[in-house]
Amino acid sequence: MVKAIVLGAVLLLGPGLSGGGSALAASHRIASLNLCADQIIFMLADRSDIVGLSPLAADCANTVLCELARGLPSMRPTGEAVLARQPDVVFSSPFTAVAATAIARQAGLKTVDLPIAESLADVPEQIRIVARAIGREDRAEAIIAPFRARLAQLQRTMPADRRLTALVYEAHGFVVHKGSLADEVLTLGGFRNMADEQSVFRGANGVPLEALIANRADLLVIDRSAKGYSLAQAMLENPVLRQAYPAPHQLDVPARLWLCALPQTLDAVTRLRAAHARLEAQ
Amino acid sequence: MTHPSSRGLSVMLAAVMVVLLGFALWHGESEISAWHGLCDIMAGRSSVAATIVGQLRLPRALLAVVIGGVLGCSGAALQGYLRNPLADPGVLGVSSGAALGAVCVFYTGLLRLSVVMLPLGGLIGALIAVMLLVGLVGRGGAVVLLLAGAALSSLFAALTALTLNLVQNPYASFEIAHWLMGSLTDRTFQHVLICLPGSVVGLVLVASTGRALDALVLGEDVARSMGFILHGWRGVQTRLVLGVALAVGSCTAVSGAIGFVGLVIPHLLRPLTGYQPSRLLVPSFLGGAIMLLVADDAVRAFNWGVELQIGVLTALAGAPLFLYRVVTLRRSTL
Amino acid sequence: MSLLTLEGIRVSLEGRSVIERADLAIEPGAVVGLLGPNGAGKSSLLRVACGLQRVDAGAVRLEGQDLSTAQSRWKARRMAFMPQEGGAPPRMGLGDLVALGRLPWGETGQTARQHAAVRFALSATGLVDLADRPASSLSGGERARMFLARTLAVDARVILVDEPVAALDPAHALSVMRILRDVAAQGRAVVVVLHDLTLAARFCDRLVLMTRGRILADGRPDEVLTDERIARAYHVRARWLGETPVPWEIIAHSDEDA
């Protein structure tokens, strides 16, 4: 907290000192209530231009580049905290901190809603939305180009063998279906998503463990990286599940890689490719 | 009613409340200068400090006063009427109705239209609950009232759980769970406007029953022999139930459920008012306001990464107070 | 015209007839004792007189006005009711509790009239010195006098009291009966439900003996309390100590008045 105040004070003087730089149109006071925007801001903005990030930004379970968040001011997701930072722009999300966003908008602040990305094709657009809002379009292209190249390369090298099936099993017993970012990553990784092939997995309220064991996929992708411990997560640790899906049939993909659509999401594809290769070798 | 010592108590509590109200404007989550904010407001200048003090801290502090006051006063009136020191505004089931209304706003996604939809949904839920309650109780007495309240409250709680069960979006269920714990964070004057009419009308109705509550100390027959009409549409019970339900429903719609204030505050103040129900109403209003102002200051002062919910805090503070009372009561009856 | 009249009263509770038919006229300046065995309908008749009990037939008139159409506050200022004591005593101070008797007058604040009425009630019951004590700390006798003081504080012309001495020792019982006599002597009408025939014979100007929902006898104590009537109403044989009867032994149930 003290650090944040000191930093805030430094930042107050910031624009005056660093004025006359290359990016005249750039925002020098950026605040974010959106975890996905946080991570794009890391990549695009000057560290000294960031006046407040959402509280989860420094949580490595949910954020890539979380080490970059150390030393940056974190901000409570409340109206007063946002206004007090006097930001030029506030990034918001459609679901969280709705009241704080409404207050910022009413106070005349520029708020930018970053929609939830549902495909890898959204990644450039997500980056561009943030870049436009903070006046760093030049830097955006420098990130988008390598992402495009890597994505194209991964698409070219798609495994020809499409027989292997996979399931993404999350806390609460939710499985990932078509139309989501994770489904796309799974497909690009060389797997068929079994969740859309068998009716037992179509229920909207999670899949019972029994169904997972009775209808085995070749690979069970588990996201167990979340912090803390809950009953919902305990399902993922069930010994029966471990028995039914021994080592090469199970893969951990941390949530941070596909919670938001980011260039780093392609790392999840790489992990899946490696698992695919291991299974084929068997 | 006037009683030298209870009037002194009210004056003292009012002074403490005013000081805390000032402190709530002065101290918040951010290190802005409240003084500059006040000066800017007086001068009609718009500045960040003016916005924070005038548009965020002021409505928040006013809501703490109104909601805390309503909960305290309603608890005192209900405890007096039911002649049961364990009665709580929650027993009427109206706050459960408000919770259900708000949760439905989350569920249907109406929240996307405007943030104000949430308290409006809560208010509609509360009003439906009030109508059901008054209709159910009709001319029945206190026992019917308690039964109807318990029935409504469990019905609404079940429907709320059902809605939570059906929610698909994990973000939404997280927000609902948080809202149910009660909070005053990020409330604006729109919330004050939603909360105030029901609270004022409700408190006036509750205050109109003060003398009847005194008479009821001597039992229903004596109260009736002293000219008080207890049952029926214009009776004391209808006025009290309608008043408490309107006020508590309006407040719950804005803040979410905040427990223990209505239970603990009248309990603590009763010995200081000579155990006379009518004398307890005003001090309980002030005491409830003080408790919520303190709790909201604590919420803003603690910085644990996660925001502490005010309803959790009042319960945390209220339960030990109650345990202490239990222990002293046990000692005195041994 | 009598102060309070009950005409052709008939009451049933949950389908059971409690008062078959009762007519009664109460005059000021007298203590009227309402006697009868348990279940005779004494308490019900008292509640009817006070307008607390719905009647199936008949009317109650106070100063000539029908109670069912009278304003509740008008009635409450003219008639005070003291029920049988029961339950835990309130925790209020004695003085505050007695002052509740002023509620029908809607007096706010310590007006001179309120002060005088409360003062009168406290001194009539000998409780002036105890005014600051919490009611829950009083003895049974003091508590009975406190409730009586609350009833007197109304300053009503008609005072209806249900079994005020049932749980009291002889000294307290005598003191309560004496207070009621003094109150009647001021020109008020006192109707008191009693079980003690000795006290009834001694302190009442007039007795009304009820049995099975009917009035068996109504008149001066020596007219009402005869061996024959005591036997018929209570199924006991009395012995006489001077002018007052003392219930002595149970006699066989007879259904002569069925």
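In what follows, chains carry the letters A, B, and so on, assigned in the order in which the sequence lines appear, proteins first and then strands, with residues in each chain numbered from 1. Heavy-atom basis, side chains included; hydrogens, waters and symmetry copies ignored.
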Check: Do the ring planes of B:Trp35 and B:Trp26 sit parallel (below 30°), tilted (30 to 60°) or perpendicular (above 60°)?
Finding: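 Because their plane-to-plane angle lies in the 30° to 60° range, the rings of B:Trp35 and B:Trp26 count as tilted.
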
Note to self: For B:Arg60, which atoms come within 4.5 Å of any heavy atom of chain A: side chain, backbone, both, or neither?
What the structure shows: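 B:Arg60 has no heavy atom closer than 4.5 Å to chain A.
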
Next item on the list: Go through A:Ala100, A:Pro94, A:Ala107, A:Gly108 and name the one with the most non-hydrogen pairs under 4.5 angstrom from chain B.
Entry: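 Result: the option with the highest number of such pairs is A:Ala100.
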
Note to self: Below 4.5 Å, heavy-atom pairs only: which of A:Ala102, A:Gly79, A:Ala97, A:Ala81 has the largest tally toward chain B?
What the structure shows: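 Looking at each of A:Ala102, A:Gly79, A:Ala97, A:Ala81 in turn, A:Gly79 comes out on top.
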
Next item on the list: Report yes or no: is the SG-SG distance between B:Cys195 and B:Cys251 under 2.5 Å?
Entry: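 The sulfur gammas are not closer than 2.5 Å, so no.
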
Check: For the side chain of A:Lys110 and the backbone of A:Ala133, is there at least one donor-acceptor N/O pair under 3.5 Å apart?
Finding: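 Checked: pair present.
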
Check: Does any non-hydrogen side-chain atom of A:Cys66 lie less than 4.5 Å from one of A:Gln39?
Finding: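 Contact flag for A:Gln39/A:Cys66 side chains = no.
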
Notebook entry, point to check: So which part of A:Ile103 gets closer than 4.5 Å to some heavy atom of chain B, the side chain, the backbone, both or neither?
Noted result: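 The side chain, not the backbone.
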
